[in-house]
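Working notes, structure below.
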Amino acid sequence: MCSMTKVITYGTFDLFHQGHINLLKRAKALGDWLIVGVTTDNFDLERGKINTCNNVMERIDAVRATGLADQIIIEEYRGQKIDDIQRYGVDIFAIGSDWEGYFDYLKEFCKVVYLPRTEGISSTQLRDERPTVEIGLIGTGSIARRFVEEASFVASNSIAAAYNPDAAECKAFCKKHGIAQAADLDELYGKCNAVYIASPHYTHYGYAKSALEAGKHVLCETPLVLNEAEAKELFEIAKSKGLVLMMAHKTAYCPAFGHLITLLQSGAIGEIVDIKAATTTLTDENDAKMDSSRFGGSMNENGCFPLLPIFRLLGTDYSKCYFVSKYKDGVDIYTKGILFTKSASATFEVGLGAKTEGSLVVSGTKGYAYVPAPWWKTSYFELRYEDQNQNKKYFYPFAGEGLRYEIKEFVSAILANGYFYSKLPVKEILAMSRIQEDFINGKKVRILK
Ligand code: CTP
């Protein structure tokens with residue numbers, strides 16, 4: 001029989017610090033063999049920890065470098081602690097006193113020890129001390145309100161000020177959220193190093209251009225602009241000035257959508273032959289989104305949603321896009337589009353004045369992916385096959401309003417100060433603006449009575 005006492009502890013160990021070292025020393029002193037479980041990036045995301053700065057390999061390296069761990073394992077699912085304790089024959093589970101009581105359920109399997117925590121240091125505190133992106137808001141409508149709430153879940157940013165030409169509306173917004181009000185754009189730019197544009201679509205181009213020219217990073221709501229030449233121009237300015245220009249698109253940055261795409265790109269349903277996507281959001285007739293003089297309408301408002309999986313999975317090299325639209329008071333209350341690439345077809349539906357099943361179906365030669373409505377807020381999807389035993393369901397977090405993921409990407413892109421992989425590539429945004437432009441110009445649009 002082995003008389004060795006095995007101790008296990010777990011943590012994220014982000015921005016590895018003295019508190020972690022002390023904890024590992026204390027845990028090690030409890031026995032002869034120390035096992036350290038380091039959480040995977042996905043598991044942290046699932047637990048709502050979206051701000052981790054180091055990836056799992058960096059965090060493992062930091063733990064290994066202390067020389068205190070006899071064995072390092074990764075923690076990737078809830079409930080794993082019980083499995084590990086049994087699998088490795090663990091005698092003592094040790095964790096910092098910030099978890100006092102929380103892990104008592106493990107007492108059934110081994111001894112549980114809460115160790116004193118080192119005062120005055122934590123990963124959260126170190127993250128908060130990192131440089132901050134000061135964000136200025138342009139537009140103070142409902143999406144800006146959600147942005148402010150969601151930004152509070154993201155590290156390394158603060159909302160510096162807000163601007164809206166309607167000073168009274170701006171004042172009320174600023175008062176409610178405790179944000180400084182900027183009287184004009186110059187004042188706003190003087191207070192921030194990045195802007196979030198949440199104004200009506202037709203003003204995006206002007207604001208984005210002026211912000212980029214003032215040296216500010218830009219996160220702009222969908223649609224970025226409504227024609228390709230303007231989109232190209234903005235990306236060129238951003239590139240020449242070394243600035244981040246991103247289109248805000250909550251679906252593009254959320255965890256489930258990201259994994260759906262990589263699964264399908266790895267051949268999970270064979271070769272893709274067709275995509276069907278619909279995004280309809282019934283809207284009051286008097287809403288600004290229905291105002292023809294302000295480029296309202298279903299395509300302008302919702303077009304970028306179904307076009308996202310289409311361009312991501314089929315590429316942007318499409319032959320033509322045909323539209324069928326139903327209009328009311330000068331705006332399309334419903335539009336259906338169909339386009340082809342060399343190897344696949346796609347149809348999409350958008351509506352502000354008509355409702356339909358808002359699912360996403362990607363058909364392949366070996367099976368299909370089904371994302372139930374509202375697929376653009378994806379938290380769950382299924383891969384389905386001829387043999388139903390092969391079917392698989394996937395679940396993910398979609399925390400809050402989902403904007404925190406794009407805000408995190410924006411802030412990370414700015415702080416990365418160099419290489420950063422954008423989850424929404426420029427060529428896809430250009431293709432989206434080309435489609436919007438063709439639609440606005442009435443190219444291949446059939447209007448229903
Ligand atoms: N820990 C500690 N003293 C600190 C910080 C952490 O003893 N000052 C312990 C925790 O109690 C846990 C282990 O270190 O047992 C790993 O904790 P982790 O959550 O990775 O570190 P935190 O600094 O607490 O991270 P965060 O601020 O993100 O919660």
Side-chain angles (χ1 to χ4, degrees), residues 5-31 33-82 84-85 88 90-107 109-132 151-157 255 397 399-400 404-405 407-408 411-412 415:
T5 303
K6 283 190 173 180
V7 183
I8 198 163
T9 190
Y10 295 85
T12 301
F13 304 107
D14 190 29
L15 300 174
F16 202 80
H17 56 69
Q18 190 59 42
H20 294 141
I21 296 175
N22 296 348
L23 187 283
L24 293 181
K25 279 187 183 155
R26 287 170 190 149
K28 175 114 179 157
L30 295 173
W33 184 262
L34 178 65
I35 306 174
V36 181
V38 180
T39 52
T40 62
D41 300 329
N42 257 338
F43 184 47
D44 274 330
L45 198 61
E46 225 173 86
R47 300 191 301 152
K49 263 197 164 185
I50 66 165
N51 288 312
T52 310
C53 295
N54 297 128
N55 65 40
V56 64
M57 291 315 293
E58 293 165 337
R59 294 181 284 110
I60 288 174
D61 284 346
V63 170
R64 185 181 293 122
T66 64
L68 293 163
D70 297 294
Q71 187 176 353
I72 299 177
I73 59 171
I74 57 168
E75 186 186 22
E76 52 188 342
Y77 61 89
R78 199 175 171 157
Q80 186 185 323
K81 291 186 177 77
I82 297 176
D84 290 342
I85 289 166
Y88 300 112
V90 168
D91 303 287
I92 302 173
F93 169 87
I95 195 100
S97 54
D98 45 326
W99 295 98
E100 188 79 50
Y102 187 86
F103 289 106
D104 286 358
Y105 69 91
L106 294 175
K107 285 183 180 163
F109 307 94
C110 69
K111 193 172 164 191
V112 173
V113 177
Y114 296 101
L115 293 166
R117 198 179 145 89
T118 308
E119 293 303 315
I121 187 158
S122 71
S123 306
T124 306
Q125 187 185 325
L126 293 176
R127 281 192 293 264
D128 288 346
E129 284 166 5
R130 283 156 61 97
T132 300
S152 69
F153 292 94
V154 180
S156 312
N157 83 91
R404 64 193 67 178
Y405 305 111
I407 302 172
K408 157 93 196 311
V411 169
S412 302
L415 296 177

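Remember, it's 1-based here, ligands and their atoms both numbered in the order they're listed.
Annotation for Lys111: atom NZ does not count as buried by contact number, only 12 or fewer foreign heavy atoms lying within 6.0 Å.
Pairs passing the salt bridge (charged side-chain N to carboxylate O under 4.0 Å, His left out) check and including a residue from residues 115-127, sequence neighbours excluded, read Asp14-Arg127, Asp98-Arg117.
Residue Gln71 comes nearest to Trp33 through the heavy atom pair OE1-NE1, 2.9 Å, listed as atom of the first residue, atom of the second, then distance.
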Only distances under 3.5 Å count here; give the side-chain donor-acceptor pairs of residues 18-31 to other protein atoms, sequence neighbours excluded, each with its distance to 0.1 Å.
residue	atom	partner	partner atom	Å
Gln18	NE2	Asn22	OD1	2.8
His20	ND1	His17	N	3.2
His20	NE2	His17	NE2	3.2
Asn22	ND2	Thr118	OG1	3.0
Arg26	NH1	Pro116	O	2.6
Lys28	NZ	Leu68	O	3.3
Lys28	NZ	Asp70	OD1	3.2
Lys28	NZ	Asp70	OD2	2.9

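Using a 4.0 Å heavy-atom criterion, the residues that approach ligand 1 are Gly11, Thr12, Phe13, His17, Gly19, His20, Leu23, Lys49, Ile95, Gly96, Asp98, Arg117, Thr118, Ile121, Ser122, Ser123, Thr124, Arg127.
The closest side-chain heavy-atom distance from Ile8 to Asp84 is below 4.5 Å.
Listed by chain and residue number, nothing satisfies the salt bridge (Lys or Arg N to Asp or Glu O under 4.0 Å) test with Lys6 (two or more places apart in sequence, or in another chain).
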